[in-house]
Protein chains: 2
Amino acid sequence: MKRPTMKDVAQAAGVSLMTVSRVVSQTPGVSPDTAAKVEQAVRRLGYQRNDNARNLRQKRLGTSAIGLVVDDLANPFYALMARSIEDEAHRRGYVVLVGSTNDEPRRERDVIAAFTARQVDGLIMVPTIGSHGFLRTALEAGTQVVCVDRPAKDLDVDTVTVDNRDGARRAVTHLLGHGHTRIAYLGDRHNIWTQSERYAGYQDALAAHGLPTDPALVRHGLRSPVDTRLALAALGALPEPPTALFSSNDLITQGVLDGMEDDGGPRSTGRPAPMAVVGFDDLPLAKRLDPPLTVVSQDPVAIGSTAANLLFTRIAGDRSAPRNVVLLTRFVERRSGERPAPAP
Amino acid sequence: MKRPTMKDVAQAAGVSLMTVSRVVSQTPGVSPDTAAKVEQAVRRLGYQRNDNARNLRQKRLGTSAIGLVVDDLANPFYALMARSIEDEAHRRGYVVLVGSTNDEPRRERDVIAAFTARQVDGLIMVPTIGSHGFLRTALEAGTQVVCVDRPAKDLDVDTVTVDNRDGARRAVTHLLGHGHTRIAYLGDRHNIWTQSERYAGYQDALAAHGLPTDPALVRHGLRSPVDTRLALAALGALPEPPTALFSSNDLITQGVLDGMEDDGGPRSTGRPAPMAVVGFDDLPLAKRLDPPLTVVSQDPVAIGSTAANLLFTRIAGDRSAPRNVVLLTRFVERRSGERPAPAP
DNA sequence: ATGAAAGCGCTAACAG
DNA sequence: CTGTTAGCGCTTTCAT
């Protein structure tokens with residue numbers, strides 16, 4: 001009923017505990033005969049080594065566990081990233097502990113504390129806006145850390161991000177190229193790094209065309225589809241409504257699409273949407289929409305594997321200066337950005 | 001540079017190691033004065049308790065870790081489920097180890113072995129088609145197990161599934177109700193439990209309308225969008241092609257939508273799809289398609305939290321007979337299933 | 001090739 | 001209230 005230990009196996013096989021240890025951990029120096037005896041006892045008792053106890057004693061190899069801390073594991077972007085990290089970890093014989101912060105610094109701290117208390121060898125994290133001073137101890141103790149998706153302001157560690165600003169700039173430039181001059185910006189909280197970067201890209205593009213940023217056309221802090229629909233309605237009620245729109249993440253894009261449907265009244269399905277739109281982040285059925293949705297897309301799998309590789313290099317002993325890897329976005333031109341600006 | 005231990009803290013605070021243990025683990029029976037001294041030393045050294053060592057000694061409370069083993073963490077369905085399980089775990093102070101099996105029994109075994117070797121208190125798993133005898137040992141040792149999404153044939157444990165058969169039946173009945181008699185079935189490998197259940201539901205519906213199952217209209221084993229497009233093309237080339245189609249999972253539905261676009265030639269965007277279709281699993285933008293996609297939807301969040309609750313009840317000591325929870329699907333009627341059957 | 005002893009970091013069970 | 005002794009399950013080190 002109880003979990004057998006090496007002692008039990010030793011007794012069953014008529015050898016010393018140490019011999020069992022050698023066999024179970026594949027250490028050379030055991031005669032084939034005794035090894036066979038031990039292996040049989042192992043099978044008979046259904047013995048499995050307790051790796052926690054093992055790691056306690058033998059800290060040379062660490063715990064072969066890493067922690068992954070993301071905003072929200074249910075977000076397809078992070079889910080893809082997580083899978084790719086998990087694959088890399090699995091290949092190397094590591095397990096991964098996973099936790100969502102929900103963008104709450106408090107929860108982030110709890111999750112990370114729970115992970116480091118279990119002696120993870122490394123941490124891949126999507127940092128919240130909070131402070132990360134509490135990580136200094138872990139860092140000094142040798143826990144390797146890599147930030148993904150956004151940098152942690154107060155943490156000098158390897159970081160993997162994409163060029164959000166450039167991506168947004170290209171998106172808005174595309175809209176500009178189709179004659180739009182009143183382009184709305186719909187974004188999540190501005191204090192999220194990716195969002196402020198994308199907003200900067202939006203402004204870059206306007207400025208490059210000699211256009212000012214009209215505060216009436218920019219809406220930050222959209223956290224849900226509902227927020228977005230409200231913002232959209234407000235935009236539509238403006239004396240001079242925008243003719244195009246840049247949406248700063250997938251959730252907002254969803255809200256935009258839903259909101260536009262409302263404008264059409266009953267049976268508006270299939271009617272052209274009233275504005276040109278380009279969104280940050282691709283959506284699974286984007287190309288099947290009417291019109292097909294033009295987006296700036298990131299590659300979460302590449303981001304994840306890059307981060308994992310950095311982390312495992314660190315775990316393997318690399319102590320060089322922190323690296324900052326910036327991946328590029330891909331501009332996927334479909335048709336939703338091509339709707340021409342109406343004549344003035 | 002090294003990680004401080006209780007011994008270090010004890011020395012720094014001028015007390016015994018045991019006193020530190022009491023303070024750190026909030027055990028009553030320490031004078032406020034000494035507690036303060038200890039706490040200060042803890043802060044000064046940046047001490048954090050090693051929970052692995054702790055769990056080794058104090059096994060009364062287990063390790064407060066559970067394992068989650070899914071097919072593919074990147075699949076939005078499992079990602080949502082994982083998040084919901086993680087939330088339940090977090091609420092209770094548990095961490096979660098996560099692993100994808102990729103539907104390979106070999107990898108499933110590896111992942112589970114790695115988890116049990118680390119003494120997880122419980123396991124929530126989406127079982128592969130493989131055998132699960134290797135779990136017997138863990139079960140006897142007291143590891144609690146809950147199956148999700150599909151049952152493990154050779155494992156008598158709590159299981160949470162949805163009524164796949166009923167869901168499929170309703171979907172196909174809907175198609176039948178619109179006059180279709182040649183309804184195709186597109187599914188993944190038939191030996192996956194959910195798939196055979198859905199196929200059974202498809203047959204149920206046909207039988208209830210006195211219709212035979214035409215083998216030419218059923219395609220199993222579709223593992224990718226490419227497979228699906230091929231199957232779709234073959235179906236279209238039939239002497240008597242189907243007029244409607246039931247797709248047995250979200251991936252296949254994607255392939256179907258893409259495949260239909262091809263049929264239309266260049267610039268077919270927005271053209272009505274040639275067949276009525278209903279799919280199992282909802283898709284994020286399903287309602288924005290033209291026509292909006294009718295689906296059978298499951299609630300991964302509910303599935304996850306149900307499984308988590310079962311697991312934690314077991315971990316808390318419940319030893320009653322294994323439960324089998326079957327959740328219902330929701331039929332989301334939009335328009336893609338309403339395309340009428342053409343006159344003969 | 002095998003085993004005995006010590007100890008990883010912590011807590012249970014007793015002392016004082 | 002505080003400290004001492006043992007020992008969780010395993011590996012290291014050193015004998016034999």
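In what follows, chains carry the letters A, B, and so on, assigned in the order in which the sequence lines appear, proteins first and then strands, with residues in each chain numbered from 1. Every value quoted in this text rests on a predicted model; they were computed, and no experiment measured them.
For D:dT11, one of the phosphate oxygens OP1 or OP2 lies less than 4.0 angstrom from a side-chain nitrogen or oxygen of A:Ser21. Regarding contacts with the backbone of C:dA1, every side-chain N or O of A:Thr19 stays at 4.0 angstrom or more from both OP1 and OP2. Taking only side-chain nitrogens and oxygens, B:Gln58 comes nearer than 4.0 Å to OP1 or OP2 of C:dA12. Within the 4.0 Å cut-off from OP1 or OP2 of D:dT11, at least one side-chain nitrogen or oxygen of A:Ser25 is found. For B:Thr27, no side-chain nitrogen or oxygen approaches OP1 or OP2 of C:dT11 to under 4.0 Å. The shortest distance between the side-chain N/O atoms of A:Thr5 and the OP1/OP2 oxygens of D:dC8 is not below 4.0 Å. The phosphate of C:dT11 has OP1 or OP2 within less than 4.0 Å of a side-chain N or O from B:Arg54. Residue B:Ser16 has a polar side-chain atom (N or O) positioned under 4.0 Å from OP1 or OP2 of D:dG3. An OP1 or OP2 oxygen of D:dG9 is reached within less than 4.0 angstrom by a side-chain nitrogen or oxygen of B:Lys59.
Counting to the nearest Å, the P atom of D:dG7 and the CG atom of B:Leu17 are 17 Å from each other. The CG atom of A:Leu45 sits 15 Å away from the C1' atom of D:dG9 (whole-angstrom rounding). Per the geometry, CG belonging to B:Leu61 stands 8 Å off P belonging to C:dA12, to the nearest Å. Between B:Gln119 atom CD and D:dG9 atom P there is a gap of 9 Å when expressed in whole angstrom units. As rounded to whole Å, 16 Å separates atom P of D:dT4 from atom CE of B:Met6. Residue A:Lys7 contributes atom NZ, which lies 9 Å from atom P of D:dG7 at whole-angstrom precision. What separates CD of B:Gln26 from P of C:dC10 is a distance of 15 Å, to the nearest Å. If you take CG of B:Asn55 and C1' of D:dC10, they are 15 Å apart, rounded to a whole angstrom.
Looking at A:Asp110 and A:Arg106, a side-chain N of the basic residue comes within less than 4.0 Å of a carboxylate O on the acidic one, giving a salt bridge. Ion pairing between A:Asp71 and A:Arg107 fails under the 4.0 Å rule for side-chain N and carboxylate O.
Contact annotation: side chain of B:Arg22 to base of D:dG3, donor-acceptor pair present below 3.5 Å.
Between B:Leu56 and A:Arg57, the residue anchored closer to the 5' end of DNA chain D is B:Leu56, taking for each the nucleotide with the nearest heavy atom. Between B:Ser31 and B:Ala53, the residue whose closest nucleotide on DNA chain D is further toward the 5' end is B:Ser31.
In this structure, a donor-acceptor pair under 3.5 Å is present between the side chains of A:Asn102 and B:Arg83.
For the side chain to side chain contact (heavy atoms under 4.5 Å, CB included) with A:Val157, the lone residue among A:Leu310, A:Asn324, A:Leu123, A:Val145 that qualifies is A:Val145.
At a threshold of 4.5 Å between non-hydrogen side-chain atoms, the residues B:Phe115 and A:Val95 count as touching.
Side chain of B:Arg60, nearest nucleotide from C:dA12, C:dC10, D:dT2: C:dA12. Residue A:Met18 has its side chain nearest to D:dT13 when only D:dG3, C:dC10, D:dT13 are considered.
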Could you go through the salt bridge (Lys or Arg N to Asp or Glu O under 4.0 Å) check for B:Arg136 and B:Glu140 one step at a time? CA-CA 6 Å; B:Arg136 185 164 295 157; B:Glu140 279 168 6; 5.2 Å; no
